[in-house]
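Here the structure is laid out as structure tokens; the discussion comes afterwards.
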Protein chains: 2
Amino acid sequence: MSLKSPSDQAKSKGLPPPTYHHGDLREALVQAGIEILEERGLAALTLRETARRAGVSHAAPYHHFSDKGALLTAIAARGFRMQHNAMAAAAQSTTDPGEGLQAYGLNYVSFAQNHPSLFRLMYTRECGPNTPPELAEASSGFYPKMVEGICAATGCSVEQASSISLLLWSTMHGLAMLWLDHQLLWEGHPPLDKLAYELSELLGRILQSPNPAP
Amino acid sequence: MSLKSPSDQAKSKGLPPPTYHHGDLREALVQAGIEILEERGLAALTLRETARRAGVSHAAPYHHFSDKGALLTAIAARGFRMQHNAMAAAAQSTTDPGEGLQAYGLNYVSFAQNHPSLFRLMYTRECGPNTPPELAEASSGFYPKMVEGICAATGCSVEQASSISLLLWSTMHGLAMLWLDHQLLWEGHPPLDKLAYELSELLGRILQSPNPAP
DNA sequence: ACCTGAACACCGTTCAAGT
DNA sequence: ACCTGAACACCGTTCAAGT
């Protein structure tokens, strides 16, 4: 009853509530979901809680999403867009291809650290074979750019660049996941960004090493 | 009513059921949980379903686990033991330290492929700061062995070996996770074991490259 | 077209009661 | 000591009914 809702804002401005319905409830639900995720974590991200936060009944989301999974997918897609924006900005800070690749990797890990629950949701959606195109496109959009960057940095073939690309991605993804899952707790436990920097330096050796005979 | 339960087996042997209680219900619940995981996936792993499968009431597990999280932790710990056994067996197949490391990595990915839901459960338990010692010990037990193996293979310092160790672990963990999460779906989509082999070959270059000045 | 309220099945958890 | 059955709060989903 005393739950804050967007329509309360309209009321407090003295405007008569034209209607209790949102202009764009779908968007409001995605936004509410992200807020719940960042504030209270994955376990709290419930369809009913999302509806409550958006100020509508628990059945309302079904007019915009076929089920809970569809809502989670929309939130994940939004997260991928956020990540891409952050990575693009980071890569833009340098013109050197090698440094650009390093910035990519470090920023990938940073995003996971800054948005742990969102990051986990993004990469843990098992939509099986029928991944919605919205997600499929959003999720691996940066992979081709990495291959490009590696070709520019090393002059190697696209095939070799693909392998190296996967190596960089796997390494940073694995580091981020192991950190999120509290697996990096041994003696010293250096901060995550330091570990990411160490690994990126090690990987730099591969980029600089001579290509093996094909 | 017509659910199969372990006590039915006793009955069908003609033995009078001495009691409906298990000798070791805790163990039976962990086993039931693993079976559910492998047959029907994480979403089906429910406290009540686990109890049904073990043939007891849904409240019975609370006499052996404080809550659902404790049951999941016990299942995860069992999974880590399974993984360690598999990896130890794989590493034993060679005496060459370099080959041993490669076998370690490839087997890590194999385990994830063969037990996708169990693998995800193992590495996704966020027990926060109060990780039960049972899990903490089981989860990263192989890390020191890797550092050891790298020292033996390269003769480098423990510090350098720690970094390289984390590189190998992160890479194989990330590859496994990206594959489980259906992120490796671009053109060609080579099989996972082939990708793992490619990455391990690339990483081999780092092991063989000259150590930088400290 | 968009939303609500009641309803159903299922889940995690608790607790008095049984043996 | 170990388990059961009923109970409670919560969740995902459906659907007739409202505007």
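Per chain, numbering begins at 1; letters A, B, ... match sequence-line order.
- The distance from atom NZ of B/K68 to atom P of D/dC11 is 14 Å, rounded to the nearest whole Å.
- Salt-bridge annotation for B/E49 and B/R52: present, with a side-chain N of the basic residue lying under 4.0 Å from a carboxylate O of the acidic one.
- As rounded to whole Å, 17 Å separates atom C1' of C/dC3 from atom CZ of A/R26.
- In summary, the side chains of A/H173 and A/Y108 do present a donor paired with an acceptor at a separation below 3.5 Å, with no hydrogens or angles considered.
- Between the CD atom of A/E49 and the C1' atom of D/dT13 there is a distance of 18 Å, given to the nearest Å.
- Put simply, B/R52 has a side-chain N or O that comes within less than 4.0 Å of OP1 or OP2 on C/dC11.
- The base of C/dC2 does not come close enough to the side chain of A/H63 for any donor and acceptor atom to sit less than 3.5 Å apart.
- One atom, CZ of A/R48, and another, C1' of C/dA6, lie 11 Å apart when rounded to the nearest Å.
- Using a 4.0 Å heavy-atom criterion, one finds that A/H64 contacts the sugar-phosphate atoms exclusively.
- The side chain of A/S57 lies closest to C/dT4, out of D/dC3, D/dT13, C/dT4.
- Closest of all the heavy-atom pairs between A/F80 and A/M122 is CD2-CE, 3.5 Å.
- For D/dA17, there is no paired nucleotide, since no Watson-Crick or G-U wobble pair has both relevant distances below 3.5 Å.
- Separating the OH atom of A/Y62 from the P atom of D/dC11 is a distance of 12 Å, rounded to the nearest angstrom.
- Residue B/H58 has its side chain nearest to C/dT13 when only D/dT4, C/dT13, D/dT13 are considered.
- Remark: D/dC3 base-pairs with no nucleotide in the shown strands. Criterion, Watson-Crick or G-U wobble with two distances under 3.5 Å.
- D/dC11 atom P lies 10 Å from atom CD1 of A/I36, rounded to whole Å.
- C/dA9: no Watson-Crick or G-U partner with both key distances under 3.5 Å is found in any strand.
- Annotation for B/L106 and B/Y197: closest pair CD2-N, 3.8 Å, computed over non-hydrogen atoms.
- For the residue pair B/T171/A/T171, the side-chain donor-acceptor check at 3.5 Å is satisfied.
- The side chain of B/L25 lies closest to D/dC3 when the candidates are D/dC3, C/dT4, D/dT13.
- The CG-P distance, from A/D67 to D/dC11, rounds to 17 Å in whole Å.
- Atom CG of B/D24 is separated from atom C1' of D/dA1 by 14 Å (rounded to the nearest Å).
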